[in-house]
*Asks:* 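Before I ask anything, here is the structure I am working with.
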Amino acid sequence: MTVCLPSMQDWAALFDASPGSVQWTLGGYVGAFGVGQIVCGALSDRLGRKAVLLGGLAVVVVGSALAAAASELWLLTLARAAQGVGCAAGAVGGRAAVQDLFVGRARTRMMAAIGMTMGVGPPLGILLGGQLHAHAGWRAGFVLVAVLASALWLATWLGLPRQRPIAAQTPFGLRAMWRGYMQLLRLPVFSWHVAVLAMTTAAFYSFLGGGPLTLLGMGVSVERLGLYMMYPSAGFIVGNIMTQQWLRRGVDERALMRRGQSMAVLAPAVILLLASLDVHSPLALALPMLLLGVGHGLLIPPTLTVTVGVVPLLAGSAAALAGLLQQLAGAMGSVAVGWLPPASGALGLALAMMCWAVAGAAAHYISSRHVAL
């Protein structure tokens with residue numbers, strides 16, 4: 001998703017298009033990624049993770065090749081949508097495969113490993129994309145994605161066990177898909193844990209939506225903006241590492257969730273306190289966001305483990321539905337922060353994040369009454 005972002009600024013001139021038209025290349029990817037998760041999740045339950053992963057990665061290779069060769073913006077937008085569909089298979093299949101291949105605390109440790117790489121991936125993609133754009137042109141980023149997807153296809157073919165689909169005997173179609181998703185949503189254990197994930201994502205996306213303007217208002221230059229925006233991602237990586245280490249030491253998963261949720265609420269509270277004391281500096285915003293990232297790294301892996309494992313026959317569908325609802329909540333968080341008065345600064349941003357964090361804590365409290373991990 002991010003490797004081509006540094007190149008987007010040049011596409012309007014290269015393709016003689018409006019900036020709004022260029023934004024559809026990202027919107028097409030995100031939309032296809034969201035819808036693709038719903039379809040790929042149900043397919044992976046009936047066809048198996050390996051088949052869906054191989055198919056999705058093949059689509060990524062084709063889409064990336066088309067993007068690298070595109071001579072018109074509409075073709076580039078179509079290719080980006082193909083990338084989104086293929087990557088949806090990877091996101092869903094990867095999480096669902098954890099449910100299939102691991103048991104007990106090993107599942108949560110693997111979810112933490114996935115979370116750690118997800119924290120590294122987006123900023124690394126921007127970094128690599130910027131270097132490739134500067135030294136080899138905008139098409140080089142898509143060539144890199146095609147090469148990586150090919151390598152992943154080969155690794156999946158050779159390394160992932162081929163298992164009999166656990167839901168292979170169940171009927172498949174739009175009606176069956178709908179019934180499966182409704183079955184999950186009717187389970188309080190699933191719905192409340194997904195609510196925790198959704199509120200957590202909304203809090204983070206509030207920072208992504210409002211953090212840049214707030215930091216620029218504090219005098220941070222555009223060149224240094226990315227350094228401060230990296231704080232929650234760095235904390236998220238640390239939190240996932242801590243999750244793996246504490247699980248190996250026998251720390252209870254419910255304890256990890258409580259610690260993570262506490263940090264997720266404490267971080268915006270600290271920003272609120274500092275802002276109310278007229279402490280307006282970039283670090284006064286960024287350092288508490290480091291704490292928020294650590295909290296999310298402790299909270300998300302065990303919560304994901306529960307959502308994917310509630311109904312083993314529907315692990316793929318559960319991963320897909322959770323992923324889609326996280327995206328929708330994240331979009332709400334980033335849009336809602338735009339309604340704040342421009343002069344509200346860090347105080348308004350912290351209030352927005354606090355609302356989502358408190359809602360997540362409430363969902364976490366309710367979810368803890370429905371399941372014992």
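For the numbers below, each heavy atom of this structure counts, side chains included, while hydrogens, waters and symmetry mates do not. Note that the coordinates shown come from a computational prediction; the quantities given were computed from them, not determined experimentally.
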*Asks:* Establish, from distance only, whether the side-chain atoms of R80 and Q83 form a donor-acceptor pair under 3.5 Å.
*Replies:* yes
*Asks:* Ignoring hydrogens, what is the shortest heavy-atom contact between G360 and Q261? Give both atom names and the distance.
*Replies:* O-OE1, 3.5 Å
*Asks:* Keeping the roles fixed (side chain from R107, backbone from Q99), state whether a donor-acceptor pair exists under 3.5 Å.
*Replies:* yes
*Asks:* Within a strict 4.5 Å, meaning less than it, do heavy atoms of the V189 and S367 side chains meet?
*Replies:* no
*Asks:* Could you go through residues 202-214 and list every donor-acceptor pair under 3.5 Å that involves a side-chain atom there, pairing it with any protein atom two or more places apart or in another chain?
*Replies:*
| unit_1 | atom_1 | unit_2 | atom_2 | d |
| --- | --- | --- | --- | --- |
| S206 | OG | A202 | O | 2.8 |
| S206 | OG | G333 | O | 3.3 |
| S206 | OG | W356 | NE1 | 3.3 |
| T214 | OG1 | G210 | O | 2.8 |

*Asks:* I'd like to know whether R179 forms a side chain to side chain contact (heavy atoms under 4.5 Å, CB included) with M182, so could you lay out the CA-CA distance, the side-chain angles of the two residues, the decisive distance to 0.1 Å, and finally the verdict.
*Replies:* CA-CA 5 Å; R179 284 200 300 266; M182 289 300 101; 5.7 Å; no
*Asks:* Picking from V196, L197, I114, N240, what satisfies side-chain contact (heavy atoms from CB on, under 4.5 Å) with I300?
*Replies:* L197
*Asks:* Are V98 and M111 close enough that some pair of their side-chain heavy atoms sits under 4.5 Å apart?
*Replies:* yes
*Asks:* Backbone N or O of W157 within a donor-acceptor pair of the K50 side chain at under 3.5 Å?
*Replies:* yes
*Asks:* Please name the pair of heavy atoms, one in A88 and one in G36, separated by the smallest distance, quoted to 0.1 Å.
*Replies:* CB-C, 3.5 Å
*Asks:* With no hydrogens and no angle check, is any side-chain donor or acceptor of R259 less than 3.5 Å from a backbone partner on L299?
*Replies:* no
*Asks:* With side chain to side chain contact (heavy atoms under 4.5 Å, CB included) as the test, would you mind laying out the steps for L321 and L325 before giving the verdict?
*Replies:* CA-CA 6 Å; L321 189 55; L325 293 176; 4.1 Å; yes
*Asks:* Quick check on the hydrophobic clustering: are L290 and L349 connected, directly or via other members, by side-chain heavy-atom contacts under 4.5 Å?
*Replies:* yes
*Asks:* Could you check whether any side-chain N or O of H135 sits under 3.5 Å from a backbone N or O of Q131, counting only pairs where one atom can act as donor and the other as acceptor?
*Replies:* yes
*Asks:* Are the side chain of R95 and the backbone N or O of A91 linked by a donor-acceptor pair below 3.5 Å?
*Replies:* no
*Asks:* What closest approach, in Å, do Q244 and A112 show between heavy atoms, and which atom pair accounts for it?
*Replies:* CG-CB, 3.6 Å
*Asks:* Looking at every heavy atom in both A69 and R139, which two are closest together, and how far apart are they?
*Replies:* C-NH1, 3.5 Å
*Asks:* Indicate yes or no for a side-chain donor-acceptor contact from H133 to the backbone of G129 under 3.5 Å, with no hydrogens or angles considered.
*Replies:* no
*Asks:* Just to verify, what does S18 make a side chain to side chain donor-acceptor pair (under 3.5 Å) with, not counting sequence neighbours?
*Replies:* S21
*Asks:* So does V61 get a backbone contact from the side chain of S64, meaning a donor-acceptor N/O pair under 3.5 Å?
*Replies:* no
*Asks:* Would you say the ring centers of W24 and F15 fall short of 6.0 Å from each other?
*Replies:* no
*Asks:* Take M289 and I271, measure what side chain to side chain contact (heavy atoms under 4.5 Å, CB included) needs, and give me the verdict at the end.
*Replies:* CA-CA 9 Å; M289 290 305 299; I271 300 174; 4.1 Å; yes
*Asks:* Tell me whether F33 is reachable from V92 by hopping between hydrophobic residues (I, L, V, M, F, W, Y) whose side-chain heavy atoms are closer than 4.5 Å.
*Replies:* no
*Asks:* For residues Y228 and L285, determine if any side-chain heavy atom of one lies less than 4.5 Å from a side-chain heavy atom of the other.
*Replies:* no
*Asks:* Are V308 and L160 connected into the same hydrophobic cluster when the rule is that any two of I, L, V, M, F, W, Y join if their side-chain heavy atoms are below 4.5 Å apart?
*Replies:* yes
*Asks:* When hydrophobic residues are tied together by side-chain contacts of less than 4.5 Å, even through go-betweens, does L298 share a cluster with V270?
*Replies:* yes
*Asks:* Any chance you could lay out the side-chain hydrogen bond (donor to acceptor under 3.5 Å, both in side chains) test for H296 and T200, step after step, and finish with the verdict?
*Replies:* CA-CA 7 Å; H296 287 182; T200 299; 4.7 Å; no
*Asks:* Determine the minimum heavy-atom distance between A67 and L76, stating which atoms define it.
*Replies:* CB-CD1, 3.7 Å
*Asks:* Do side-chain atoms of R105 reach the backbone of V251 as a donor and acceptor pair under 3.5 angstrom?
*Replies:* yes
*Asks:* When you look at CE of M242, are more than 12 heavy atoms from neighbouring residues, nucleotides or ligands closer to it than 6.0 Å?
*Replies:* yes
*Asks:* Taking Y181 for its side chain and I38 for its backbone only, find out whether a donor-acceptor pair lies under 3.5 Å.
*Replies:* yes
*Asks:* Step by step, would you call L73 with T25 a side chain to side chain contact (heavy atoms under 4.5 Å, CB included)?
*Replies:* CA-CA 8 Å; L73 186 62; T25 60; 3.8 Å; yes
*Asks:* Between G297 and F236, what is the shortest heavy-atom contact and its length?
*Replies:* N-CD1, 3.5 Å
*Asks:* Hey, any chance L215 and V279 share a hydrophobic cluster, counting ILVMFWY side chains that come within less than 4.5 Å of each other, even indirectly?
*Replies:* no
